[in-house]
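Only heavy atoms go into these numbers, but all of them, side chains included; no hydrogens, no water, no symmetry mates.
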Amino acid sequence: MTDTAAHIRAALEFVKTADGQSVIEKDYIRALTVSDAGAVQFILEVPPEIAPQMESVRAAAEAAAGAVPGVTSVSALLTAHSTTPGQAS
């Protein structure tokens with residue numbers, strides 16, 4: 001993991017969900033990448049039942065990552081996947 005990625009993960013520890021846990025503690029962050037130019041991308045993958053309430057958390061995560069020195073842009077995608085085969089997500 002690059003230093004920038006580690007700093008982003010540290011910043012995301014302060015982004016809390018409704019139950020008071022961070023998006024890192026909840027293991028919601030997937031596919032975190034940082035380009036050589038400082039462009040950051042990651043996925044916020046949450047359970048389907050809470051997805052409608054998570055847009056503000058996605059925006060907060062994007063802002064937290066964007067505040068890390070060296071980051072030039074951030075794209076955070078919110079997605080929800082079912083753990084039950086055949087269930088719509």
Side-chain angles (χ1 to χ4, degrees):
M1 181 183 315
T2 67
D3 284 345
T4 302
H7 290 135
I8 291 166
R9 285 196 170 277
L12 293 174
E13 286 282 358
F14 295 96
V15 178
K16 304 295 183 181
T17 60
D19 66 2
Q21 289 188 293
S22 78
V23 295
I24 297 295
E25 290 173 301
K26 300 290 276 187
D27 195 29
Y28 287 163
I29 303 300
R30 302 279 186 265
L32 173 62
T33 61
V34 182
S35 76
D36 290 340
V40 174
Q41 296 179 325
F42 60 89
I43 297 169
L44 187 65
E45 185 176 341
V46 301
E49 60 273 9
I50 66 167
Q53 296 85 31
M54 293 295 289
E55 176 54 29
S56 62
V57 175
R58 185 210 59 80
E62 199 169 73
V68 172
V71 172
T72 57
S73 66
V74 181
S75 176
L77 175 69
L78 176 62
T79 187
H81 288 279
S82 169
T83 57
T84 306
Q87 183 178 352
S89 46

Worksheet item: Can you name the one residue among Leu78, Thr79, Ile50 that meets side-chain contact (heavy atoms from CB on, under 4.5 Å) with Tyr28?
Response: Ile50
Response to the item:
Only one of Thr4, Val23, Val68, Ile24 passes side-chain contact (heavy atoms from CB on, under 4.5 Å) with Arg9, and that residue is Ile24
Worksheet item: Can you name the closest pair of heavy atoms from Val15 and Ala64 and give their distance?
Response: CG2-CB, 3.7 Å
Worksheet item: Would Thr17 and Gln53 satisfy side-chain contact (heavy atoms from CB on, under 4.5 Å), going step by step from the backbone distance to the final call?
Response: CA-CA 9 Å; Thr17 60; Gln53 296 85 31; over 6 Å; no
Practice prompt. Give the minimum heavy-atom separation between Phe42 and Ala65, together with the two atoms involved.
Written response: CE2-CB, 3.9 Å
Worksheet item: When rounded to the nearest 0.5 angstrom, what is the spacing between CG in Asp3 and CD1 in Ile8?
Response: 11.0 Å
Practice prompt. Specify the closest pair of heavy atoms between Lys16 and Val57, including all atoms of both residues, with the distance to one decimal.
Written response: O-CG2, 3.9 Å
Worksheet item: CD/Glu13 to CD1/Ile29 distance, rounded to the nearest 0.5 angstrom?
Response: 10.0 Å
Worksheet item: Of all heavy-atom pairs between Pro48 and Ala80, which one has the smallest distance, and what is that distance?
Response: CA-CB, 3.6 Å
Worksheet item: Taking all non-hydrogen atoms of both residues, which atom of Val71 and which atom of Gly66 are closest, and how far apart?
Response: CG1-CA, 4.0 Å
Worksheet item: Between the side chain of Glu62 and the main-chain N/O of Ala76, is any donor-acceptor distance below 3.5 Å?
Response: yes
Worksheet item: Nearest 0.5 Å, what's the CD-NZ distance between Glu45 and Lys26?
Response: 14.0 Å
